[in-house]
Amino acid sequence: MLFDDLPEARETIASVLVPVAVPEPYTYRVPAGAHVVPGSIVRVPLGTREVTGAVWDTQPDAAINPRKLKEILHVHDAPPLNDELRRFIDWVAGWTLAAPGMVLRMVLRSEEALEPEPPVPGLQRVLDRSPDRMTPARARVLATAADGLAWTRSGLAATAGVSTSVIDGLAEQGVFEPVFMTATPLPLPPDPAFNPPQLTPTQAGVAEALVANFDRGGVVALIDGVTGSGKTEVYFEAVAEALRRGRQAVILVPEIGLTEQFLRRFETRFGVPPAEWHSEITPKKRARVWRGVASGEVQVVVGARSALFLPFSRLGLIVVDEEHDTAFKQDDRVSYNARDMAVVRGHLARIPVVLASATPSVESRVNADLGRYQRHVLPERASGASLPDLAVIDMRTEGPERGRWIAPGLVSAIRETFAQKGQSLLFLNRRGYAPLTLCRSCGHRFQCSQCSAWLVEHRMKGKLVCHHCGHTEAIPRACPACGTQDALVACGPGVERVAEEVEGLFPDARVLVLSSDLLGGPDRLRREMKLVEEGGADIVIGTQLVAKGHNFPLMKLVGVIDADLGLAHGDPRAAERTFQLLAQVTGRAGRITGGGRGLLQSYSPDHPVLKALLSSDREAFYRAEIEARRAAGLPPFGRLAALVISGPEKAATEAYARAVSRVAPADRAVTILGPAEAALAMVRGRHRYRLLAMAPRQVDLQGYLRHWMTLAPPARGGLKLQIDIDPQQFL
DNA sequence: AGCACGCCGACT
DNA sequence: GTCGGCGTGCTC
C-alpha cells in the first residue's frame with residue numbers, strides 16, 4: 001500500500017469542560033500518544049493558569065481558530081466520568097442556569113483523588129530465610145508476620161509490640177524484603193444480610209414496594225411516616241436490595257442530620273459504617289471516598305447534599321432523608337435543591353429514588369397526589385408507643401406573669417417530669433438572650449449598622465449580634481442615642497433568657513442550652529448532644545437544631561415556648577416551615593420510650609397549623625396549605641423565585657440581599673418586583689439596581705429568564721438568581 | 001509618581 | 001472562577 005493512500009494523519013482535538021464560568025466546553029489538542037474518552041479527567045492550560053477539567057466530546061466541531069488551540073497537559077489516572085454523570089452535569093447546569101463548568105467543579109471536589117494513592121513502602125516475610133539468632137522480640141515479629149502478608153514497618157512493630165529497630169534488624173538479614181503496598185485497603189463492604197430488622201407488616205409492605213421499584217426504572221417513592229415510625233429501617237431495606245444487586249446507594253441527609261447515632265444505626269444493620277461525605281471530612285478521606293465511589297469499591301455513601309455529585313460508577317439507589325429540610329438547598333455559586341436534583345439524577349440513571357420525611361414538603365405531597373411519586377404512609381410508631389400527647393397553652397388566658405416566658409402549666413409539667421427523672425426539652429427558635437434591646441429612656445432600638453435588622457443581645461458572649469449578617473458589637477453602658485447610663489432593657493425571650501428563668505425555677509436541675517452559637521464550636525455541641533442522650537441533663541433549652549436529626553431517648557416532655565414564632569412571617573412558606581418544625585420537635589417527646597407529652601404556648605391557638613398539629617391530622621394541614629397557595633395565586637408546588645440583582649457595591653448588596661431574604665417582604669426599603677418587572681428593570685436600568693425581587697406569581701419564570709438573558713447577558717457579579725421551582729414538570 | 005481598588009473582558 | 005489591564009483617586 002502506498003503511503004499516499006492513507007488519510008492524512010488528522011490532528012486530534014477534544015472539547016474539555018473547564019471549571020470556570022464559561023458557557024461551553026473549550027477545545028484542546030490531544031497530544032500524540034495520549035488517549036482520552038468522553039469523561040476523561042484532564043489537566044489543561046487556561047489563560048495564565050492550569051486547571052482540571054473533563055473531556056466532554058472527543059469529536060467536537062472545532063469552530064475555533066486552530067492557532068488558538070492549546071494542548072492537554074495530562075490525562076489523570078482516574079476513571080472517566082460516566083455518561084450518566086455527564087448528562088446530569090449538563091442537566092443541572094441547564095436547570096440552574098449555571099455554567100456547566102461550575103457544576104463540574106462540584107464533581108471534581110477532591111484534587112487528591114485524581115491520581116491513585118502513592119504506594120506505601122512495606123515489608124514482607126521471606127519464607128525461606130530465618131534470622132541468625134532468635135530473640136523473644138524477633139519471635140513475636142515472626143509470629144505476627146506469619147500470615148505472609150505485607151506490613152508497614154511501623155504497623156508491624158506496633159502489632160508485635162517491639163521497636164522498629166527489631167524490624168530493621170530482621171530486614172537487614174533478608175528475613176523481610178521491601179515491597180510496595182497499594183493504597184490502604186477499603187473497609188469491608190456493607191452486608192445486606194448482616195442484621196435484617198423485624199419489620200411490622202406495614203413496614204414490610206413498604207420495604208417490599210421499594211425493592212420492587214428496582215425493576216421499574218426511575219421511580220420516586222415518598223415515605224411519609226411520623227417520627228419513630230421506622231422510616232430509616234424501611235429504606236435501609238432498599239439499600240440492602242441495591243447491595244444485593246451489586247449496585248451503589250447514596251443516602252443524602254441534611255448536614256446536621258449526619259450524626260454518630262445515624263452511623264451507628266447503619267452499622268447495626270449492615271455490620272460496617274458507611275462511607276461519609278460532608279464538608280468537614282479530611283482531604284485524605286475525601287479522596288478515598290471519591291476514588292472508591294468512582295471505582296465501585298465504596299458501595300454506600302451517607303452524606304450532605306454535595307454527595308449527590310459523586311462519580312458513582314454503578315449507582316442503584318438515591319435516598320433523601322428528611323426531604324423537606326431546607327438544608328438541601330444551596331444558594332451560593334450554583335444554586336440548587338439536592339432533593340430535586342436527586343430526583344433528576346434518578347430519572348437520568350433510571351434508578352429508584354426514595355424521599356423520606358415525617359413532615360413531607362408540600363411540593364412532594366402534591367407530586368405524590370398527582371401520581372408522579374409513589375406515596376407510602378407509615379402511620380404508627382414502630383415500638384408500639386403512641387405519639388406524644390399534645391396540648392396547647394393559651395397564652396392570653398394561661399400565660400405567665402410579666403417578664404416571664406414559661407406559663408404555669410408548662411412549669412408544673414416540667415416539675416412533674418423532673419420528679420420522675422425524665423428529661424424536658426424547651427424549644428425556642430431564638431438564639432441569644434433577647435431579640436430586641438431598647439433604651440428605657442428614649443426608646444432607641446439597637447439596629448445593625450450593616451443591614452438594619454435588630455441586634456440580638458448575647459449575654460454569654462457579652463455582645464450584640466446581628467443574626468442576619470453576623471455583625472457584632474459590644475454592649476454599651478450608655479444609650480448611643482440619648483446617652484443615658486444603664487437604661488438598656490431586653491425585650492422578649494431568647495434561649496439564654498429562658499435558661500435563666502429555668503435555673504431560677506429549678507435550682508437543683510441540670511440545665512443545658514443547646515444552640516448553634518455555643519462557645520466551643522461544633523465539637524462542644526457534639527459532646528453536649530451526647531451528654532443529653534445519656535441522661536446528663538434534666539432540662540434542655542434548645543433552638544431548632546434540637547428538632548433535627550438527633551434523638552434523645554429519655555426526653556419525656558417538649559415545651560414549645562413560642563409556637564407562633566414563624567407563623568407571622570411574610571415568607572409564603574412560613575406555615576409549612578412552622579408545621580414541620582413543630583411536628584419534628586414535639587415528635588421527639590417519648591420517641592423511643594413512648595408516653596411523651598408536648599405543650600405548645602401560643603397566643604393564637606386557633607391557627608390552622610396548631611389545630612392540625614394538635615389533632616394529629618396532618619392531612620388537614622396539607623389540604624389547607626395547598627388550598628391557601630391556590631388562593632394566593634401560587635401553584636401548589638410553591639413555585640417561587642427570587643432574583644437578587646446586585647449593584648456596584650457588591651458586598652453591601654449581598655449582605656443586604658441576605659438580610660432581606662429573611663425579612664422580606666416586610667421590609668419597606670426593598671423594591672419587590674415580579675420576574676417580568678425585574679427583567680425589564682435589569683434591561684432598562686443597566687442593572688444599577690439594588691433590589692431583591694421575589695416572585696410568588698404564576699409566571700413562566702424560565703421563559704422570562706431565557707428571554708432576558710438574550711437581551712442582557714448577565715455580566716459577572718451583575719446577577720445572582722435563585723430558582724426554586726420543582727423540576728418534576730420539566731423532566 | 002506610585003499604588004490600591006474596582007470594573008471589565010478574556011480564558012480554547 | 002481567576003487573571004491581567006486599565007482608569008480613578010488617594011498618598012505609609
Side-chain angles (χ1 to χ4, degrees), chain A residues 10-32 34-76 80-81 86 89-90 92-94 96-112 114 279 283 306 309 330-336 450 644-657 682-683 685-690 709-722:
Chain A
R10 255 198 320 134
E11 183 163 66
T12 5
I13 55 170
S15 76
V16 174
L17 198 55
V18 287
V20 295
V22 292
E24 59 198 1
Y26 280 174
T27 313
Y28 286 86
R29 255 201 318 272
V30 181
H35 179 65
V36 295
V37 298
S40 292
I41 300 169
V42 293
R43 194 86 183 148
V44 290
L46 182 70
T48 54
R49 305 173 290 151
E50 268 182 30
V51 294
T52 302
V55 171
W56 228 234
D57 190 349
T58 45
Q59 275 144 7
D61 348 312
I64 194 88
N65 179 359
R67 295 182 52 208
K68 241 176 144 178
L69 288 183
K70 293 185 183 171
E71 199 160 75
I72 290 172
L73 299 168
H74 177 68
V75 183
H76 280 292
L81 308 181
R86 294 199 317 280
I89 291 170
D90 281 333
V92 172
T96 60
L97 300 174
M102 288 292 98
V103 182
L104 176 70
R105 175 181 274 265
M106 303 197 293
V107 173
L108 302 178
R109 278 205 9 197
S110 174
E111 281 288 315
E112 295 89 340
L114 303 177
S279 56
S306 55
F309 292 90
Q330 174 157 85
D331 283 339
D332 58 341
R333 295 181 195 93
V334 180
S335 72
Y336 66 95
Q450 318 275 311
V644 179
I645 301 165
S646 54
E649 308 100 315
K650 198 160 172 281
T653 313
E654 273 178 9
Y656 192 70
M682 286 277 294
V683 176
R686 308 287 297 147
H687 34 96
R688 294 269 154 180
Y689 277 82
R690 191 208 272 190
M709 285 185 75
T710 57
L711 282 175
R716 176 237 3 239
L719 166 74
K720 200 178 162 197
L721 51 91
Q722 299 175 312

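So you know, we letter chains A, B, ... as the sequences are listed, proteins then strands, and number each from 1. The basis for the numbers below is simple: all heavy atoms, side chains too, and nothing from hydrogens, waters or symmetry mates.
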Give me the atom names and distance for the closest heavy-atom approach of A:Pro80 to A:Ser40. CB-N, 3.7 Å
Closest listed nucleotide, where the reference is the side chain of [X] and the choices are [options]:
| X | options | value |
| --- | --- | --- |
| A:Tyr26 | C:dG1, C:dG4, B:dT12 | B:dT12 |
| A:Ala21 | B:dT12, C:dG1, C:dC3 | C:dG1 |
| A:Lys70 | C:dG1, C:dG4, B:dT12 | B:dT12 |
| A:Tyr28 | C:dG1, C:dC3, B:dT12 | B:dT12 |
| A:Met102 | C:dG4, B:dT12, C:dG1 | C:dG1 |

Within the structure provided, determine whether A:Val92 and A:Phe309 are in side-chain contact (heavy-atom separation under 4.5 Å). yes
Report yes if the side chains of A:Val42 and A:Leu73 come closer than 4.5 Å at any heavy-atom pair, otherwise no. no
Starting from [atom2] on [N], measure out to [atom1] on [X] and report it in whole angstrom.
| X | N | atom1 | atom2 | value |
| --- | --- | --- | --- | --- |
| A:Leu104 | B:dT12 | CG | P | 17 Å |
| A:Arg49 | B:dA10 | CZ | C1' | 11 Å |
| A:Ile72 | B:dC11 | CD1 | C1' | 16 Å |
| A:Glu50 | C:dT2 | CD | P | 15 Å |
| A:Leu108 | C:dG1 | CG | P | 15 Å |
| A:Leu17 | B:dC11 | CG | P | 17 Å |

By the side chain to side chain donor-acceptor pair (under 3.5 Å) test, which pairs, at least two apart or in different chains, include something from residues 42-58 of chain A? A:Arg43-A:Glu50, A:Arg43-A:Thr52, A:Trp56-A:Asp90
A:Lys68 side-chain N/O to B:dC11 phosphate OP1/OP2 under 4.0 Å: yes
Identify all side-chain donor-acceptor contacts of residues 20-27 of chain A below 3.5 Å with residues at least two apart in sequence or on another chain.
none

Base, sugar-phosphate alone, or nothing: which one does A:Thr27 contact when heavy atoms must sit under 4.0 Å apart? base
Which part of the nucleic acid does A:Arg29 contact within heavy-atom distance under 4.0 Å: base, sugar-phosphate only, or nothing? nothing
